[in-house]
Amino acid sequence: MSDPFEQLPDWEIRVISPGRVNLLGEHVDYNQGTVLPIAIDRFVRLAARPRADDLVTIESLDLKSRLQFRLEDLDRRVDAQGKPLTGWALYPAGVAWALRAGGLEVRGLEAVLTSDLPIGAGLSSSAALELAFALAWQAAGGWQLERMALAQLCQRAENAYAGVACGLMDQFACAHGVARHALYFDTRSLQWQPLPMPPDSAVVIADSGLRRQLAASGYNQRRVECEQAVSLLRTRLPDIRSLRDVSPAQLDEHGDCLPPEIRKRARHVVEEIARVQQACFCLAQDDAAGFGRLMVAGHASLRDLFEVSLPELDGLVDAALSIEGCCGARLTGAGFGGCTVNLVARDAAGDFMAELGRRYRQDCGSQVVIYCCQPSRGAHLLGT
Ligand code: ADP
Ligand code: MG
């Protein structure tokens, strides 16, 4: 295969920045819970060089789109022509803005990027883009920040500048990926640990192609519901700060103070956090089958309790589970569309992918795009 960097100019700063897929721990990062993502071997690739002035020019080869803004205009959120920054411009501009707000030197820059991550599919092309720019500006500025701090600044860019209320998991995974490892991440303490994936298993992602408008509003509504659960539960459990502090047994005891809908949301979160802990034990024992069962339970919970699935995603999961070699399958990401993630016996992965595509076509009448992924290293400068 040819080097994808050949499409980019031969400039001194070259960054490769992966997407991510979450194996378990869905809708828990904004509840201060624990998650288990991997960085995947699909990347934003970026070439850049510093400029002497304060202009930033960026070209996305994928979107066939160019943008120009001045660093002095970041607070006003306008481009070099004085028009409001919109769409994808908000991500790199947001990173520049967040880095500057963090007291870091951000220089004028010329950058070209290309990516083989599907956009808006739930594999975090947005975090990959943010970290790519954070590393480019770090290289251009000659300063050095811890990866976690970079991830947090990128999250701030996405929250406060692009206006997307994401948790820290995406930027964390993109920045901290480790080849052949899942990343156990405690979103409260920010402690993390790479855990080896079972060596005879493969991670297969199936993109339903569905991109629902509902995704953003549904996500925000779930966040509010989780906050409601915490404030109601606090009448019984005054010390809790988030659903992270509630055990499944405590929810059994005190769940009667929650309206039925809110109780279902809370049950998903507390049990999903417990599943992540169990999954770590499975990984410690190379137990792909046990891990897979937790994924299946996680999907049922997202479907029935958190109610963020769609018939097509349920169909993809059911089809996957009926194919030989599949240990587990679930929707991944926020839901309402996007992808499923499957844990599959490595030897069976090729046949699994072909069969899953065939069954989805047959049952749902549409195409699914399927990727076999390797857990990969996090965002870094090429040659480091
Ligand atoms: P996801 O992160 O799941 O892919 P998001 O909606 O969070 O979906 O982020 C997608 C957005 O990120 C796009 O709408 C675009 O603004 C930006 N983006 C992602 N990849 C690229 C790219 N290759 N070129 C330009 N912008 C991109
Ligand atoms: Mg995103």
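Both ligands and their constituent atoms are indexed starting at 1 by order of listing. We number each residue from 1, following the sequence as shown.
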Parallel, tilted or perpendicular: ring planes of Phe133 versus Trp137, cut at 30 and 60 degrees
tilted
Which of the numbered atoms in ligand 1 are below 4.0 angstrom from a heavy atom of Leu63?
24 (N), 25 (C), 26 (N)
Could you list the atoms of ligand 1 found under 4.0 angstrom from a heavy atom of Ser115?
23 (N)
Using a strict 4.0 Å cut-off to heavy atoms of Leu129, name the atoms of ligand 1 that fall inside it.
17 (C), 18 (N), 26 (N), 27 (C)
How about Trp88 and Ser65: does a side-chain donor come under 3.5 Å of a side-chain acceptor?
yes
For atom 19 (C) of ligand 1, the closest protein heavy atom turns out to be Ser125 OG, 3.1 Å
Is Ser125 close enough to the Mg ion (ligand 2) that one of its N, O or S atoms comes in under 2.8 Å?
no
Any Ile119 heavy atom less than 4.0 Å from ligand 1:
yes
Side-chain donor-acceptor pair present, Gln277, Thr34, cut-off under 3.5 Å:
yes
Any donor-acceptor N or O pair under 3.5 Å, side chains Asp314, Ser309:
yes
Could you tell me which atoms of ligand 1, counted from 1 in the order shown, lie closer than 4.0 angstrom to a heavy atom of Asp62?
22 (C), 23 (N)
Among all the protein's non-hydrogen atoms, which is closest to atom 26 (N) of ligand 1, and how far away is it?
Trp88 CB, 3.3 Å
Would you kindly say whether Thr187 and Asp29 are connected by a side-chain donor-acceptor distance under 3.5 Å?
no
Among all protein non-hydrogen atoms, which one is nearest to atom 6 (O) of ligand 1, and what is the separation to 0.1 Å?
Gly120 CA, 4.3 Å
Please say whether more than 12 non-hydrogen atoms of neighbouring residues, nucleotides or ligands are located less than 6.0 Å from CZ in Arg66.
no
Heavy-atom proximity to atom 9 (O) of ligand 1, picking from Ala132, Ser126, Ala127, points to Ser126
Kindly determine whether Ser376 and Asp41 satisfy side chain to side chain donor-acceptor pair (under 3.5 Å), including the steps that lead there.
CA-CA 6 Å; Ser376 294; Asp41 55 341; 4.7 Å; no
With heavy atoms under 4.0 Å as the rule, classify the contact between Ser60 and ligand 1 as side chain, backbone, both or neither.
side chain
Report the part of Leu113 in contact with ligand 1, treating N, CA, C, O as backbone and CB onward as side chain, heavy atoms under 4.0 Å; options are side chain, backbone, both, neither.
side chain
Can you tell me how the ring of Trp192 sits relative to the ring of His176, calling it parallel under 30°, perpendicular over 60° and tilted otherwise?
perpendicular
Before signing off on this row, confirm whether Gly87 and ligand 1 have an N or O atom pair separated by under 3.5 Å.
no
Where do Asp304 and His268 land on the side chain to side chain donor-acceptor pair (under 3.5 Å) test, with the steps shown first?
CA-CA 9 Å; Asp304 302 333; His268 165 74; over 6 Å; no
With heavy atoms of Leu123 as the reference, note each atom of ligand 1 found under 4.0 Å away.
3 (O)
Please say whether more than 12 non-hydrogen atoms of neighbouring residues, nucleotides or ligands are located less than 6.0 Å from CD in Gln362.
yes
For ligand 1, which atoms have a heavy atom of Gly122 less than 4.0 angstrom away?
3 (O)
